[in-house]
Protein chains: 2
Amino acid sequence: MKDITPQQQKVLDCIQVYINKTGFPPTRADICRELGFKSPNSAETHLRALEKKGFISIESGASRGISINNPEITHLENEYPIVGLVAAGSPTLASENVEKVLNCPKGFFGSDFDYFLRVRGLSMKDAGIMEDDLIAVKKTQEIKNGDIVIARIEDEVTVKYFQRSAPNIIHLKPANEEFSDIEVNLEETELYIEGKSVGLIREN
Amino acid sequence: MKDITPQQQKVLDCIQVYINKTGFPPTRADICRELGFKSPNSAETHLRALEKKGFISIESGASRGISINNPEITHLENEYPIVGLVAAGSPTLASENVEKVLNCPKGFFGSDFDYFLRVRGLSMKDAGIMEDDLIAVKKTQEIKNGDIVIARIEDEVTVKYFQRSAPNIIHLKPANEEFSDIEVNLEETELYIEGKSVGLIREN
DNA sequence: CGTTATACTGTATAAATATATAGTATAATT
DNA sequence: AATTATACTATATATTTATACAGTATAACG
């Protein structure tokens with residue numbers, strides 16, 4: 001997917017908003033009205049550029065024949081993707097990792113959140129986090145000691161309690177006697193915090 | 001919402017399928033093609049009937065101005081009460097027991113459910129049920145061994161694993177070593193099953 | 001310096017589309 | 001027996017819409 005220009009982004013956003021609002025895509029004239037253009041050809045050229053770059057598809061000849069490609073990344077309001085514990089490198093929300101989407105009211109857990117993570121393993125069992133549970137993950141770097149974080153150490157993604165023991169030493173603590181602490185020295189090992197848990201859902 | 005006729009259902013399905021497939025709603029002519037009608041007015045009259053009955057909305061004058069009124073997303077009937085572990089006698093869902101209500105899509109946990117129960121204590125800790133968790137309770141008497149049930153024994157309400165050991169003997173088993181089994185002899189003691197757990201939510 | 005991509009206005013028009021009007025026919029309801 | 005809702009065909013037409021063509025202007029690229 002090539003780079004998008006600021007104006008093209010505005011047009012793309014406009015299409016998304018229009019679809020969310022009305023349920024069907026805009027015409028060239030609609031886009032002009034929304035963005036203040038005075039000629040339908042302004043919209044037309046932007047649409048053709050977006051199509052060429054792969055952001056949208058246009059059904060030729062059909063009225064309102066615009067559809068947005070990769071809608072799972074710009075997820076609809078209230079639709080949250082469920083992702084598995086994925087290996088590093090691949091972006092967490094890439095469509096190939098999305099198991100399905102779950103309809104959930106915004107602010108369901110008091111705090112905003114970005115996606116659900118499907119839990120593997122029992123390392124957080126004593127915190128009441130069981131296999132196959134869905135953790136509501138908020139992508140943030142604002143972590144306090146004791147928070148349950150989704151951390152990536154080199155190639156592995158895990159869910160653990162966060163504790164900073166020294167400026168450069170972080171302990172990732174499981175909630176299960178059978179597992180042991182992970183000590184991370186930030187000078188030696190790369191640690192990336194994907195976000196923290198703000199809630200949990202169990203389906204059974 | 002009034003009754004839908006079989007033909008109207010076919011038209012409604014056709015619209016949904018068309019939107020899923022193309023990303024935008026069909027025209028009258030598209031519907032005719034899909035369903036084998038030979039006049040656009042056939043589609044038109046069905047659309048007007050569906051609009052009158054509330055299943056769809058039609059933006060007048062706009063091409064492809066059809067949108068499906070999806071009651072499951074737009075409905076505000078998805079309000080479920082949260083109740084505490086209330087003593088017997090008082091009806092569980094009486095307003096004085098309702099802490100607050102939580103907006104939650106219907107069928108969120110695969111199965112239907114009736115209310116949320118705020119958990120007190122740690123007797124089901126090893127099942128991943130912690131203090132202050134919300135259990136989605138389905139009011140039912142269809143209980144299998146191993147289900148997590150909300151049971152009332154005389155004056156006490158508890159959440160436990162259900163196990164029928166003999167026709168008249170039921171064991172209510174905690175998931176915590178520090179608690180012990182409750183054996184109920186149905187000939188001696190009154191046991192009422194409020195329902196069973198079909199899901200869990202944790203807010204933090 | 002010429003070329004190319006972006007970002008527009010303005011006009012024109014063929015094709016797509018909604019929608020009204022005029023019928024036919026059947027089944028259910030009053 | 002008359003009315004109403006459903007379920008269509010057939011035709012007509014005003015409006016909507018996509019989209020081509022002709023320009024203007026600016027910034028980036030090699």
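Residue numbers begin at 1 in each chain, while the letters A, B, ... track the order of the sequences.
Among the protein residues, B/A49 comes within range of no part of the nucleic acid, since none of its heavy atoms lies under 4.0 Å from any strand.
Remark: side-chain polar atoms of B/D114 are paired, donor with acceptor, to backbone N or O of B/K139 under 3.5 angstrom. Side-chain N or O atoms of A/N145 include one that pairs as donor or acceptor with a backbone N or O of A/R164 at under 3.5 Å.
Of all nucleotides listed (D/dA7, C/dT9, D/dT19), C/dT9 comes nearest to the side chain of A/F37. Checked against D/dC8, C/dC8, D/dT17, the side chain of A/S63 finds its nearest nucleotide in D/dT17. Of the candidate nucleotides C/dA7, D/dA18, C/dT9, D/dA18 has the atom lying nearest to any side-chain atom of A/E44. Here the side chain of B/H46 is nearest to one of C/dT19, D/dC8, C/dA18, namely D/dC8. Comparing D/dT19, C/dT17, D/dT6 by their nearest atom to the side chain of B/T5 picks out D/dT6.
Between B/L50 atom CG and C/dA18 atom P the separation is 15 Å, expressed in whole Å. Atoms CZ (A/F24) and P (D/dA18) sit 12 Å apart, rounded to a whole Å.
Within a 6.0 Å radius of CD in B/Q141, more than 12 heavy atoms belonging to other residues, nucleotides or ligands are found.
Between A/R28 and D/dA18 there is a side-chain polar atom (N or O) within less than 4.0 angstrom of OP1 or OP2. In this structure, B/Q7 reaches the D/dC8 phosphate: one of its side-chain N or O atoms is under 4.0 Å from OP1 or OP2. Taking only side-chain nitrogens and oxygens, B/R64 never comes nearer than 4.0 Å to OP1 or OP2 of D/dT16.
If you check the side chains of A/K160 and A/S123, you find a donor sitting under 3.5 Å from an acceptor.
Direction of the helix axis in the helix from C/dC1-D/dG30 to C/dT30-D/dA1 shifts by 30° between the two five-pair termini, rounded to 10°.
With hydrogens and angles ignored, no donor-acceptor pair under 3.5 angstrom links the side chain of A/S42 to the base of C/dA7. The base of C/dT19 has none of its N or O atoms less than 3.5 Å from a complementary donor or acceptor on the side chain of B/N41.
Taking the six-membered ring wherever Trp is involved, the centroid distance between the rings of A/F162 and A/H171 does not fall below 6.0 Å.
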